[in-house]
Asks: 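One structure follows; several queries about it will come next.
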Amino acid sequence: MNPVGGKTAVCGLIGNPVEHTMSPVIHNYLAEKTGTDLVYVPFHVETGRLADAVKGAYGLNLLGLNATVPYKTDVMECVSSIDPSAEAIGAVNTLVRTDDGYRGYNTDMPGLYRAMRFDGVEVAGEQVLILGAGGVARAVALMLLEKGAEQVILLNRSREKAQELAERINEKAGRAFARALGLTEYGEIDASRKYLCIQATSVGMYPRVEEAPIEDLSFYRLVHTGYDLIFNPMETRFMKLCAEAGARVFNGYRMLLYQGVLAFTLWTGVEISEELAAETYEQMLMAMEKHG
Ligand code: NDP
């Protein structure tokens, strides 16, 4: 890490909990390798203290913040302006200092898109299954619309939530882009073709690693590529089932890397090469091995 001096810029993460975050590894490594005088620190923010935390960070001259669970939506109330794509997604994960407060951005979705490009996963012209209809699923559906996917089918435990989301996306698309199904209604999907499937529920996350949103292998036979947004564990049960049915599989770890890379560029203006991003990814893997 760079030595800290009087001019060192400070960035950090606000969330609850933040104790197992990988973000300090990403940003402190990028700062060191790009010769940027910056340190990145996690800040545990207690329930009800979010507005105080953001105000305090601005008062302390912090250059930027990331926001994570459970603050990605609520933090929108604490910024002075919001980037239009973060506004459309309805979530902010990056705050960038401006003269009159922080401006909110969302680097999760461009991060996912950059990770998919790296992994050679095509989006344009694809028919995509999304498992889930929560905050991340909504952002994923918008990203897929923007990047030219042909159609998405949202499968969610609560069918009404999937239906509501499909209606909102279709309004934006101006066509029947999204269709909603319950999590058990996959029998209605046209089985004469295969799909990219993005796993955007929290099912299978550590510590409940033995769970998958759907168990039936016949569902996974519809999938040519399974992309789980979960990054802990590195191989989820969803990924194992996809692989068993013959699909390519990816986890959310590279999305985590690129959302950080994009935030670092927003704060510093420093562009990160693919080589440095790959090196940073290795650092994340090493840190995970070390700390679990
Ligand atoms: P939300 O709480 O908004 O949504 C959770 C989703 O999971 C809902 O669709 C919910 O269905 C579904 N779900 C929860 N429990 C179950 C269950 N037991 N059975 C079936 N479905 C269930 O969460 P987010 O959208 O914010 O986040 C989803 C996941 O995305 C996170 O857990 C995280 O792993 C991942 N993520 C990864 C990132 C990365 O950088 N790689 C960044 C951000 C998130 P219902 O509507 O029926 O309740």
Side-chain angles (χ1 to χ4, degrees), residues 13 15-18 20-23 25-27 66-76 86 89-94 105-116 118-119 121 129-143 152-166 168-169 178 180-186 197-216 219 226-239 249-263 277 280-281 284 288:
L13 172 71
N16 182 358
V18 291
H20 297 288
T21 177
M22 209 34 88
S23 293
V25 175
I26 300 174
H27 294 289
N66 282 136
T68 187
V69 177
Y71 298 131
K72 286 187 189 183
T73 306
D74 291 349
V75 80
M76 296 174 83
I89 289 167
V92 157
N93 78 323
T94 302
Y105 293 84
N106 186 305
T107 67
D108 281 335
M109 283 312 112
L112 172 60
Y113 183 64
R114 193 154 154 193
M116 289 178 123
F118 180 95
D119 289 326
V121 176
L129 310 178
I130 300 178
L131 301 182
V136 169
R138 174 189 152 88
V140 169
L142 281 168
M143 184 274 279
V152 306
I153 303 175
L154 298 156
L155 295 109
N156 197 46
R157 176 175 60 176
S158 141
R159 193 184 191 289
E160 306 78 72
K161 254 178 87 178
Q163 187 61 41
E164 257 174 56
L165 178 55
R168 283 168 71 176
I169 303 281
L181 291 175
L183 210 46
T184 53
E185 293 176 327
Y186 48 84
C197 179
I198 301 179
Q199 201 302 100
T201 77
S202 44
V203 182
M205 247 168 88
Y206 179 83
R208 299 173 71 170
V209 298
E210 291 311 318
E211 296 177 8
I214 297 172
E215 283 294 334
D216 183 358
F219 167 75
Y227 211 107
D228 202 329
L229 303 189
I230 289 176
F231 50 83
N232 185 11
M234 296 286 278
E235 190 187 20
T236 60
R237 175 146 177 83
F238 165 84
M239 290 165 65
V249 289
F250 301 95
N251 64 25
Y253 218 57
R254 215 170 273 283
M255 170 182 175
L256 185 67
L257 163 74
Y258 283 119
Q259 63 73 32
V261 161
L262 293 168
T280 310
Y281 189 76
M284 291 164 69
M288 194 153 94

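All heavy atoms count here, side chains included; hydrogens, waters and symmetry mates do not. Ligands are counted one by one from 1 in listed order, and the atoms in each one are counted from 1 as well.
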Asks: At the 4.0 Å heavy-atom cut-off, does Ala133 count as touching ligand 1?
Replies: yes
Asks: Hey, are the side chains of Asp228 and Val249 touching, using non-hydrogen atoms and a 4.5 Å cut-off?
Replies: no
Asks: Return yes when at least one protein heavy atom is under 4.0 Å from atom 23 (O) of ligand 1, and no when none is.
Replies: no
Asks: Tell me if the CZ atom of Arg168 is crowded by more than 12 foreign heavy atoms within 6.0 Å.
Replies: no
Asks: Check whether any side-chain N or O of Arg159 sits under 3.5 Å from a backbone N or O of Ala180 as a donor-acceptor pair, and report yes or no.
Replies: yes
Asks: Is Asn156 reaching over with its side chain to a backbone N or O of Ala133, donor-acceptor style, under 3.5 angstrom?
Replies: yes
Asks: With side chains defined as the heavy atoms from C-beta onward, is the minimum distance between Val261 and Arg114 less than 4.5 Å?
Replies: yes
Asks: Identify, for atom 4 (O) of ligand 1, the protein heavy atom at the shortest distance, and state residue, atom and that distance.
Replies: Gly134 CA, 3.5 Å
Asks: Using distance alone, decide if ligand 1 has a nitrogen or oxygen within less than 3.5 Å of any nitrogen or oxygen in Val136.
Replies: yes
Asks: Does an N or O from Met205, backbone or side chain, lie closer than 3.5 Å to an N or O of ligand 1?
Replies: no
Asks: Have a look at Asn232, Asn156, Asp108 and point out the one with the heavy atom closest to atom 45 (P) of ligand 1.
Replies: Asn156
Asks: Counting each atom of ligand 1 from 1 as listed, which ones have a heavy atom of Ile230 under 4.0 Å away?
Replies: 34 (O)
Asks: Examine distances only and state if a side-chain atom of Tyr105 and a backbone atom of Leu262 form a donor-acceptor pair shorter than 3.5 Å.
Replies: no
Asks: Is the closest N or O pair between Gly135 and ligand 1 shorter than 3.5 Å?
Replies: yes
Asks: Can you check ring-ring contact (aromatic ring centres under 6.0 Å, His included) on Tyr113 and Tyr258, steps first, answer last?
Replies: CA-CA 9 Å; Tyr113 183 64; Tyr258 283 119; over 10 Å; no
Asks: Can you confirm whether Thr68 sits close enough to Thr21 that some side-chain heavy atom of one is under 4.5 Å from a side-chain heavy atom of the other?
Replies: no
Asks: For ligand 1, which atoms, with element, lie under 4.0 Å from some heavy atom of Ser158?
Replies: 47 (O)
Asks: Going by the order shown, which atoms of ligand 1 are within less than 4.0 Å of some heavy atom of Lys161?
Replies: 46 (O)
Asks: Does Lys72 reach the side chain of Val92, with side-chain heavy atoms less than 4.5 Å apart?
Replies: no
Asks: Are Leu129 and Phe219 side-chain neighbours, meaning at least one heavy-atom pair lies under 4.5 Å?
Replies: yes
Asks: Got a donor-acceptor contact below 3.5 angstrom from the Asn251 side chain to the Ile230 backbone?
Replies: no
Asks: Just by modelled atom types, is the Val209 backbone N or O under 3.5 Å from a matching donor or acceptor in the Arg237 side chain?
Replies: no
Asks: I want to know if ligand 1 touches Arg157 in the polar sense, i.e. an N/O pair below 3.5 angstrom.
Replies: yes
Asks: So is there a nitrogen or oxygen of Ala200 less than 3.5 Å from a nitrogen or oxygen in ligand 1?
Replies: no
Asks: What atoms of ligand 1 come closer than 4.0 angstrom to any heavy atom of Met255?
Replies: 38 (C), 39 (C), 40 (O), 41 (N), 42 (C)
Asks: Which residue holds the protein heavy atom closest to atom 37 (C) of ligand 1, what is that atom called, and what is the gap in Å?
Replies: Leu229 O, 3.1 Å
Asks: Which of the numbered atoms in ligand 1 are below 4.0 angstrom from a heavy atom of Leu183?
Replies: 20 (C)
Asks: Heavy-atom contacts with Lys72 under 4.0 Å: which atoms of ligand 1 show up? List them by number with element.
Replies: 43 (C)
Asks: Going by the order shown, which atoms of ligand 1 are within less than 4.0 Å of some heavy atom of Ser202?
Replies: 7 (O), 14 (C), 32 (O)
Asks: So do the side chains of Asp108 and Met255 get within less than 4.5 Å of each other, counting heavy atoms only?
Replies: yes
Asks: Who's closest to atom 12 (C) of ligand 1 heavy-atom-wise, of Thr201, Thr236, Ile198?
Replies: Thr201
Asks: Considering the heavy atoms of Phe231, write down every atom of ligand 1 situated less than 4.0 Å from one of them.
Replies: 39 (C), 41 (N)
Asks: What protein heavy atom sits nearest atom 19 (N) of ligand 1, and how far off is it?
Replies: Val203 CG2, 3.6 Å
Asks: So, is Gly132 polar-close to ligand 1, with some N/O to N/O distance under 3.5 Å?
Replies: no
Asks: Run the contact test for Glu211 against ligand 1 with a 4.0 Å cut-off on heavy atoms, strictly below, and give the result.
Replies: no
